[in-house]
Amino acid sequence: MQTDVRLSEAARAIYNACFTLAPIPFEEARRRGTFHYQRAMAAAEKALNQVARV
């Protein structure tokens, strides 16, 4: 569960930083499964995997 929270928070940070012009906020994007949300989740997974390796 803790990993899911970390992943979601990392995705939120990436979404808010990188997709500032996205037409909907993070939570709505999550519910809809938008392209921007999927990209933020993929980036968050990569980032957390890199941190885990250090």
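Keep in mind that the numbers below use all heavy atoms, side chains included, and drop hydrogens, waters and symmetry copies.
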- side-chain contact (heavy atoms from CB on, under 4.5 Å) with Thr34: which of Arg30, Arg31, His36? His36
- Please name the pair of heavy atoms, one in Ala22 and one in Tyr15, separated by the smallest distance, quoted to 0.1 Å. CB-OH, 3.4 Å
- Quick one: closest heavy-atom pair of Ala10 and Ala44, and the distance? CB-CB, 3.7 Å
- Query: Between Glu45 (side chain) and Leu7 (backbone), is there a donor-acceptor pair under 3.5 Å?
  - Reply: no
- Item | Least distance between heavy atoms, Thr20 atom then Asn16 atom | CG2-O, 3.3 Å
- Hey, is Arg12 close enough to Glu9 for a salt bridge, meaning N to O under 4.0 Å? yes
- Give the cluster check for Ile14 versus Met41: same hydrophobic cluster or not, with ILVMFWY residues linked at side-chain heavy-atom distances below 4.5 Å. no
- Rounded to the nearest 0.5 Å, what's the gap from CZ on Arg39 to CZ on Phe19? Could you check? 6.5 Å
- Check whether the ring centres of Tyr37 and Phe26 lie less than 6.0 Å apart, and answer yes or no. yes
